[in-house]
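Some notes on the structure that comes next.
Everything numeric here is computed off the predicted structure, so don't read it as measured data. Side-chain atoms are counted along with the backbone in the values below, which use heavy atoms only and exclude waters and symmetry mates.
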Amino acid sequence: YDGLAACALVRESNTNSRKYKKVTKAAIRKMKRWATNSPSNFKHKLLLLEAEYYAIRGKKSSACNAYDVAINAAHKSGVIQDEALAHERAALFFRELGDE
């Protein structure tokens with residue numbers, strides 16, 4: 001969850017911190033390896049992390065799509081708490097956009 005925490009810090013502080021983006025990119029690389037070996041356990045987590053990374057980089061359309069895919073992947077995997085987390089992060093993203 002270090003990558004998600006780093007993204008949250010960037011979003012909450014409204015800074016463009018290279019340090020936190022670097023942490024996020026490292027977490028994405030690590031999660032990609034894990035998702036390759038065990039997709040049912042890690043694919044949805046990777047997708048959520050990618051959605052958060054798109055969001056902090058201002059790629060709104062990509063973030064919207066990635067949140068949707070992450071939510072669906074978590075649901076398909078049956079990991080309810082990760083599905084809920086993806087819904088929560090997506091809701092915060094849309095609230096920031098003004099789409100309540």
In Å and rounded to the nearest 0.5 Å, what is the [atom1] to [atom2] distance from [X] to [Y]?
{"X": "His44", "Y": "Met31", "atom1": "NE2", "atom2": "CE", "result": "9.0 Å"}
{"X": "Lys21", "Y": "Arg57", "atom1": "NZ", "atom2": "CZ", "result": "7.5 Å"}
{"X": "Leu48", "Y": "Glu88", "atom1": "CG", "atom2": "CD", "result": "10.0 Å"}
{"X": "Glu96", "Y": "Lys60", "atom1": "CD", "atom2": "NZ", "result": "10.0 Å"}
{"X": "Leu85", "Y": "Gln81", "atom1": "CG", "atom2": "CD", "result": "9.5 Å"}
{"X": "Asp82", "Y": "Leu47", "atom1": "CG", "atom2": "CG", "result": "11.5 Å"}

Honestly curious: do [X] and [Y] fall in one hydrophobic cluster under the side-chain, below-4.5 Å linking rule?
{"X": "Phe94", "Y": "Val10", "answer": "yes"}
{"X": "Leu4", "Y": "Leu46", "answer": "yes"}
{"X": "Leu9", "Y": "Ile28", "answer": "yes"}
{"X": "Leu97", "Y": "Val69", "answer": "no"}
{"X": "Val79", "Y": "Leu49", "answer": "no"}

At their closest point, which heavy atom of [X] faces which heavy atom of [Y], and how far apart are they?
{"X": "Ala55", "Y": "Ala63", "answer": "N-CB, 3.8 Å"}
{"X": "Ala27", "Y": "Gly3", "answer": "CB-CA, 3.7 Å"}
{"X": "Phe93", "Y": "Cys64", "answer": "CE2-SG, 3.6 Å"}
{"X": "Ile56", "Y": "Cys7", "answer": "CG2-O, 3.7 Å"}
{"X": "Thr36", "Y": "Lys32", "answer": "OG1-O, 2.8 Å"}

Checklist entry - Is Ser38 reaching over with its side chain to a backbone N or O of Trp34, donor-acceptor style, under 3.5 angstrom? => result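 Looks like no, no N/O pair under 3.5 Å.
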
Checklist entry - Side chain of Ser40, backbone of Ser77: donor and acceptor closer than 3.5 Å? => result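 Not at all, since once roles are kept as given, no pair shorter than 3.5 Å links the two residues.
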
Checklist entry - Does atom NE2 of His87 have more than 12 heavy-atom neighbours, drawn from other residues, nucleotides or ligands, at distances under 6.0 Å? => result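 Check passes, neighbour count above 12.
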
Checklist entry - With side chains defined as the heavy atoms from C-beta onward, is the minimum distance between Tyr54 and Ser61 less than 4.5 Å? => result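 Heavy-atom side-chain distance check fails, nothing below 4.5 Å.
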
Next on the checklist: Contact between Tyr67 and Glu52 at the side-chain level, heavy atoms closer than 4.5 Å - yes or no?
Outcome noted: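 Yes, at least one pair of side-chain atoms sits under 4.5 Å.
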
